[in-house]
Number of protein chains: 2
Amino acid sequence: MQNSFTEENYLKIIHSLSGREGTEVSTNALAESTSTRAASVTDMLRKLAEKGLIHYKKYQGVRLTDSGEKVAIQVIRKHRLWEVFLVEKLGFGWDEVHDIAEELEHIPSEILVEKLDRFLGHPKFDPHGDPIPDAKGNLTEPDYTILTDVHIGEKVLMMGVLDHAPSFLQHLDRSGITLGAVIEVKEINEYDKSASVQINGGPTLFISLEVSKNLLVQRR
Amino acid sequence: MQNSFTEENYLKIIHSLSGREGTEVSTNALAESTSTRAASVTDMLRKLAEKGLIHYKKYQGVRLTDSGEKVAIQVIRKHRLWEVFLVEKLGFGWDEVHDIAEELEHIPSEILVEKLDRFLGHPKFDPHGDPIPDAKGNLTEPDYTILTDVHIGEKVLMMGVLDHAPSFLQHLDRSGITLGAVIEVKEINEYDKSASVQINGGPTLFISLEVSKNLLVQRR
DNA sequence: ATATATTTTTAGATAAGTCTAAATTTTTTA
DNA sequence: TAAAAAATTTAGACTTATCTAAAAATATAT
Ligand SMILES: [Mn+2]
Ligand SMILES: [Mn+2]
Ligand SMILES: [Mn+2]
Ligand SMILES: [Mn+2]
């Protein structure tokens, strides 16, 4: 039996909310993320448990089963590959592709994904710096640092974002902060944790804590 | 308001069944084509009429309105562009792409279609020789000849197929009959209308009436 | 022209995914 | 540890797209 769009979206969200350690996800958290009501989530959880995709005990929160994890990762793989296609081949901006990929990720067909992957040259990361699971379902999250943890004087590489909202990505575009940019922290203001950073050895700019909190970087 | 997958499929099928002259389509014909029951079709027709997408009077069959025609043609445009993508860029065979395109055609986003069209170089025909409507919704059906109407001695160009079934397309592959091939009719058997044809000035082969009936060609 | 056959529509159900309101369970606080 | 608050589940309802069975309309045949 096939999984519906809705079921796939739930699995993907459970995967994302339960994080690296696979901790329990609450009904309310899912209601929030899926923009539905808690009662609707409960109904869906019963169904997913029925299908063996999640571990679910009433009032105890949920975790993915191995089978559910597999489905979630395949959906994530498709989402990220399509995003690469949209940006690299069709010329979309990284701020424009999320919603379209949200639909494309549900197109069934193993062969399609594999051919797309080959066509794109087996990319390892999507346009937002997120890792793309391989065909076997191996997904290794690189351990990046959040910019707020970087000290004055350090030079780091911009590797990804935590917030994927178009408005945030457009803000980064306007600031010249793109994937691969070299960021040197020049100054951190004690009062509001805003910072002065130099981008690619060029212009220096102020960024708020809100921005720093959402930038993933790598020390070199 | 958006149209659902189901609504789009109905509109596309009505377009196809009502042909060039836009003749009325019967409930039963739609039930057949959509693999549903007549009662379900009636329900959907009421809804489509409600939305102003079809002209519908009880017991009288249906036609697309201008608005419905526009939607149908956009879906057809997307279907055929995605088929070009799958064959030209991903390396699928022409016999493998229909079902996948049947899903991709419902992905919403004007911009996506236009960028895809540009990426593909504004193709005029899909892998089966069917014309691709332009961005404004202009769809001109070229008037091809069916191979059964070609006389002995004539040399024609293979331009398209009427049957899109994978089994038929695979049969053509095995026979070396591809789009653009030159077909010379050498002999027609009176008894069963089977024919001997020479492909690209090379091998001669026998084809049944069943095959001839589904080949669209152009006189030169 | 009337009876018969075919086509189409209506009536009443079902499953998926959602909702609100009420009941229940768990957690927190005093 | 008992009361209050928060989280979760249940009950009952709605919408979409489908179904079967029965009724109504149209077409065909004697
Ligand atoms: Mn999605
Ligand atoms: Mn992404
Ligand atoms: Mn379709
Ligand atoms: Mn086609």
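Side chains included, hydrogens not; waters and symmetry mates left out as well; all remaining heavy atoms used. To find a chain, count down the sequence lines: A is the first, B the second, and so on, and within it residues start at 1.
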Please step through side chain to side chain donor-acceptor pair (under 3.5 Å) for the pair W94(A) and D173(A), ending with a clear verdict. CA-CA 9 Å; W94(A) 67 341; D173(A) 279 340; 3.2 Å; yes
Hey, are H164(A) and D130(A) close enough side-chain-wise for a donor-acceptor pair under 3.5 Å?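 D130(A) vs H164(A): donor-acceptor pair found between side chains.
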Looking only at side-chain N and O atoms, does E8(B) offer a donor or acceptor that is under 3.5 Å from a partner on N3(B)?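 The answer is no; no qualifying pair exists.
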Please tell me whether H98(B) and H128(B) form a close aromatic pair, meaning their ring centres lie under 6.0 Å apart.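 Not close enough - the centres of the two rings lie 6.0 Å or further apart.
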Kindly assign one of parallel, tilted or perpendicular to the pair F5(A) and H106(A), based on the angle between their ring planes and the thresholds 30° and 60°.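 Rings of F5(A) and H106(A): parallel, as their planes differ by under 30°.
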Do the numbers put K89(A) on top of the ring of F85(B), so that NZ or CZ is under 6.0 Å from the six-membered ring centre and no more than 45° off the axis?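 No, K89(A) does not sit over the ring of F85(B).
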If I take atom [atom1] in residue [X] and atom [atom2] in nucleotide [N], what distance separates them, rounded to the nearest angstrom?
{"X": "L30(A)", "N": "dA7(D)", "atom1": "CG", "atom2": "P", "answer": "14 Å"}
{"X": "R46(B)", "N": "dT16(D)", "atom1": "CZ", "atom2": "C1'", "answer": "14 Å"}
{"X": "L45(B)", "N": "dT16(D)", "atom1": "CG", "atom2": "P", "answer": "16 Å"}
{"X": "E8(A)", "N": "dA16(C)", "atom1": "CD", "atom2": "C1'", "answer": "15 Å"}
{"X": "K57(B)", "N": "dT7(C)", "atom1": "NZ", "atom2": "C1'", "answer": "18 Å"}

Counting any heavy atom closer than 4.0 Å, what does F5(B) reach on the DNA or RNA strands: base, sugar-phosphate only, or nothing?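 It contacts nothing in the nucleic acid.
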Students often get this wrong, so: under 4.0 angstrom with heavy atoms, is T27(B) touching a base, only sugar-phosphate, or nothing?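 If one applies the 4.0 Å heavy-atom cut-off, T27(B) turns out to touch the sugar-phosphate alone, with no base involved.
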Strictly under 4.0 angstrom, non-hydrogen atoms only: write out the protein contact profile of nucleotides 18-27 of chain D, one letter per nucleotide from the 5' end, B, S or -. BBBB--BSS-
Kindly say if N28(A) contacts the phosphate of dT8(D), meaning a side-chain N or O under 4.0 Å from OP1 or OP2.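 Looking at the OP1 and OP2 atoms of dT8(D), one of them is under 4.0 Å from a side-chain N or O of N28(A).
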